[in-house]
Every structure is written in structure tokens, then in C-alpha cells.
Amino acid sequence: MMRNPPLALIAVAAAFVLIVLSGAFFVVPETSSAIVLRFGEPTNQYSTAGLKFKTPIIESVQYLDKRNRELDQPPIEIIASNQERLLVDAFARYQIVDPLLFYQSARTEEVGEVRLASLLNQTVRRVLGAVSVDDIVSNQRGALMVRIRDLLDANAAALGVKIIDVKIRRADLPQQNSEAVFKRMITERNQLAQSIRAEGNEAAQRIEAEADRQVVQVKAEAEEEAQKIRGIADAQRSAEFAAVYSKDPEFFAFSRSLLAYEEALRSGETTILLSPDSEFFRYFEGPRAKR
């Protein structure tokens with residue numbers, strides 16, 4: 001006759017079954033991807049969140065962050081194309097877009113970031129070493145960061161990583177070089193300012209000379225036109241005088257004498273001492289006076 005199994009044995013068996021079943025399920029968070037490993041080798045990957053299944057005991061799960069991550073590093077010293085040294089503080093933002101490739105290449109996020117940091121240093125030295133310090137510290141920095149990002153992204157693709165952005169926080173000269181470089185930059189800017197001022201003065205002189213020439217030309221043309229008008233007016237006046245004189249010479253002489261009296265005797269302007277018998281006063285006796 002068969003005995004019933006002890007309750008303790010049933011409890012142990014039930015606990016074992018629960019442990020096995022609990023090891024067969026796992027949850028993938030929204031922020032992570034999951035790599036299923038069988039004896040250390042990947043067998044499956046999950047990038048969507050939810051409840052997933054794996055073989056208990058013989059399979060394990062490796063989680064990788066799929067959010068945008070920041071790769072920071074200490075400042076590095078680079079040598080620019082003009083052989084000047086520069087301390088550059090740069091960082092990158094990246095995302096693991098191929099979890100399986102990332103795991104196969106680096107295994108863990110820590111190892112992957114070490115390799116990415118090395119690639120970032122190499123890329124920064126390569127790009128900034130091809131330009132001068134003036135380009136790095138001027139408005140060319142934005143274009144240089146884009147170039148570093150694109151080159152780093154191409155190299156990081158082998159790790160299953162997408163480079164989102166690269167930024168240069170600071171690009172400072174070493175203390176021993178700062179003063180010399182700043183003095184050289186000031187000298188170059190002063191030379192540029194002097195050149196611009198000289199070009200401006202030369203242009204101003206050309207404009208003034210051209211304006212003076214035009215003024216002389218306009219005045220000459222105006223004077224010539226005035227002389228022509230005066231000549232025509234004088235000719236017309238002479239013709240009119242001749243016509244009047246031919247009609248009545250005596251009245252013409254009388255009229256001219258009256259004008260002469262008016263001009264000569266204008267109050268406050270002329271004082272004349274003449275004899276009453278002077279030829280100048282002959283028309284005072286009448287328009288037909290004879291002398």
C-alpha cells in the first residue's frame with residue numbers, strides 16, 4: 001500500500017517549480033533593450049518593452065540602456081595646424097541602436113563607453129589638428145563640431161552606436177601661450193583696421209575729387225550759358241535802342257537824360273557839383289532845350 005508523500009516534500013517541489021517558472025519570465029523596461037544569453041552567447045534580443053520568456057537556468061538576460069546617453073571625458077590637449085597647443089573640453093551624446101552588435105563588440109556599457117571615449121579623442125585630434133587656433137576659437141567652431149560628429153558617427157557604427165551630437169564646451173589656450181596668442185590676434189586686428197581705414201580714406205579722396213571736378217564743370221557750363229544769355233540780351237537791347245533812336249533821336253536823348261538824372265541824383269548816394277549851365281542840365285529847361 002503506497003503512502004502519501006509528506007507535505008514538506010510537496011512544498012519543496014512547489015517552491016522549485018515556482019523558482020523555475022519565475023526564472024522563465026523577465027520584463028523589458030521602456031528605457032532598455034534586452035539581450036538573452038545562453039552560456040554567455042546571445043540567442044535573442046528585445047527592444048520593445050513588456051513581459052518576455054527565456055529558458056530557465058541555462059539562459060540569462062543582459063540589459064542595455066536605449067536612451068540618449070552622454071559620453072564625457074577630461075579635457076585633452078591638441079596641437080593645431082599652426083603648431084599651437086589648445087586644451088579642448090568636448091563631450092558627445094549617443095544612443096545604442098543595435099544592442100546585439102554593441103554586446104558582441106563591447107559586452108557592457110562601461111567597456112563600450114571606454115572605446116567610444118577613445119574614438120572621440122582620436123576624432124577631436126584629427127579634425128582640430130587640421131585647422132588653426134583662430135578657426136577653433138572663432139565662429140568656425142560650429143562647423144568643426146558637425147565634422148567631428150559625422151566622422152565619429154561613421155567610426156562608432158561598428159559598435160552599434162548612433163552619435164547624436166558632439167559639443168565643445170571650452171577650447172582654451174594653455175596659460176603659457178594665451179598672452180602671446182592674444183597679442184598676435186590684437187596686432188592682426190589692428191592691421192586689418194588700418195587697412196580698412198586707408199581704403200576708406202582713399203575712396204573718400206576719390207569721391208571728393210570727382211565732386212570737385214563736377215562742380216567746376218557745372219560752374220563753367222553755367223557761366224558759358226549765362227554769357228550766351230547776356231550776349232543775346234545785350235544784342236536785343238541794342239537793337240531796341242537803335243529802333244527807338246531811329247524813330248525820334250531827340251526823345252531818345254531826353255529819355256536817356258532822365259534816367260541819368262535819376263541815377264545821379266538818388267538820395268543819399270551821390271553828391272554832384274556842376275554849373276547850372278552844364279550840358280548835363282540842358283533838359284531842365286524843357287524837352288526841346290537847345291544848347
Side-chain angles (χ1 to χ4, degrees), residues 31 33 64-99 101-202:
T31 59
S33 299
L64 297 174
D65 193 349
K66 65 179 182 181
R67 295 172 295 182
N68 293 349
R69 296 172 59 86
E70 184 170 310
L71 176 65
D72 210 346
Q73 62 175 1
I76 61 173
E77 184 174 290
I78 64 104
I79 300 178
S81 62
N82 54 354
Q83 301 305 309
E84 293 182 358
R85 298 178 180 274
L86 200 66
L87 290 175
V88 178
D89 184 6
F91 70 95
R93 290 188 180 91
Y94 73 95
Q95 183 182 25
I96 301 173
V97 294
D98 190 337
L101 180 59
F102 184 87
Y103 177 81
Q104 291 172 337
S105 302
R107 297 293 176 178
T108 65
E109 293 171 353
E110 291 75 13
V111 174
E113 288 199 347
V114 170
R115 295 183 59 180
L116 278 176
S118 177
L119 288 174
L120 177 59
N121 287 344
Q122 294 174 14
T123 307
V124 169
R125 294 180 188 277
R126 178 179 174 182
V127 173
L128 300 187
V131 297
S132 67
V133 169
D134 291 348
D135 293 331
I136 298 172
V137 300
S138 69
N139 56 4
Q140 296 293 323
R141 184 183 296 188
L144 294 173
M145 289 189 294
V146 172
R147 196 182 309 170
I148 294 171
R149 181 201 64 193
D150 293 344
L151 185 58
L152 179 60
D153 184 56
N155 294 330
L159 291 174
V161 168
K162 173 68 177 177
I163 302 299
I164 299 169
D165 198 9
V166 173
K167 294 294 184 183
I168 297 176
R169 287 197 189 96
R170 293 187 307 164
D172 298 328
L173 294 167
Q175 188 62 36
Q176 62 272 22
N177 295 346
S178 298
E179 185 175 352
V181 172
F182 288 147
K183 286 182 178 179
R184 176 177 58 80
M185 294 177 67
I186 291 172
T187 301
E188 291 176 352
R189 297 301 183 271
N190 288 336
Q191 292 175 349
L192 179 61
Q194 291 176 359
S195 175
I196 293 173
R197 282 194 293 268
E199 292 176 358
N201 291 334
E202 182 180 355

Heavy-atom side-chain proximity of [X] to [Y] below 4.5 angstrom:
X: N155; Y: I163; answer: no
X: R93; Y: L71; answer: no
X: K66; Y: T31; answer: no
X: V88; Y: R170; answer: no
X: E109; Y: L64; answer: yes
X: E77; Y: L86; answer: no
X: V131; Y: I136; answer: yes
X: E70; Y: F91; answer: yes

Residue pairs passing the salt bridge (charged side-chain N to carboxylate O under 4.0 Å, His left out) test with at least one member in residues 187-197, sequence neighbours excluded, are R184-E188
Qualifying salt bridge (charged side-chain N to carboxylate O under 4.0 Å, His left out) pairs, either residue in residues 142-159, two or more places apart: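 Passing the test, one end in residues 142-159: D153-K162.
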Handout entry: Partners passing side-chain contact (heavy atoms from CB on, under 4.5 Å) against R126 (at least two apart in sequence or in another chain)
Key =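 Counting only residues at least two positions away or on another chain, R126 forms a side-chain contact (heavy atoms from CB on, under 4.5 Å) with L151.
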Do side-chain atoms of S105 reach the backbone of G112 as a donor and acceptor pair under 3.5 angstrom? no
Please report the closest heavy-atom contact between [X] and [Y], naming both atoms and the distance.
X: A106; Y: R115; value: N-NH1, 4.3 Å
X: I148; Y: L120; value: CG2-CD1, 4.5 Å
X: L116; Y: A156; value: CD2-CB, 3.8 Å
X: R69; Y: D65; value: NH1-OD2, 3.3 Å
X: R141; Y: A171; value: NH2-CB, 3.7 Å

### Message
Under a 3.5 Å cutoff, is there a donor and acceptor pairing between the side chains of T187 and Q191?
### Response
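No donor-acceptor contact under 3.5 Å links the two side chains.
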- Item | Y94 side chain to E113 side chain, donor-acceptor N/O pair below 3.5 angstrom | yes
Margin query: Determine whether L128 and L144 satisfy the following criterion, side-chain contact (heavy atoms from CB on, under 4.5 Å), listing intermediate values before the conclusion.
Written below: CA-CA 7 Å; L128 300 187; L144 294 173; 3.9 Å; yes
Discussion item. Between L192 and I196, is the side-chain contact (heavy atoms from CB on, under 4.5 Å) condition met? List the steps.
Written reply: CA-CA 6 Å; L192 179 61; I196 293 173; 4.0 Å; yes
Would M145 and K167 count as a side-chain contact (heavy atoms from CB on, under 4.5 Å) here? Give the steps.
CA-CA 6 Å; M145 289 189 294; K167 294 294 184 183; 4.1 Å; yes
Query - Trace of the side-chain contact (heavy atoms from CB on, under 4.5 Å) decision for L152 with V166 - result: CA-CA 9 Å; L152 179 60; V166 173; 4.1 Å; yes
| query | Quick one: CZ on R67 to OG on S33, what's the gap to the nearest 0.5 Å? | reply |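 Those atoms lie 11.5 Å apart.
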Pair R169, D72 - check salt bridge (Lys or Arg N to Asp or Glu O under 4.0 Å), show working.
CA-CA 11 Å; R169 287 197 189 96; D72 210 346; 3.0 Å; yes
Crowding at CZ, R107 (>12 non-hydrogen neighbours, <6.0 Å):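 It does: R107 CZ has more than 12 such atoms within range.
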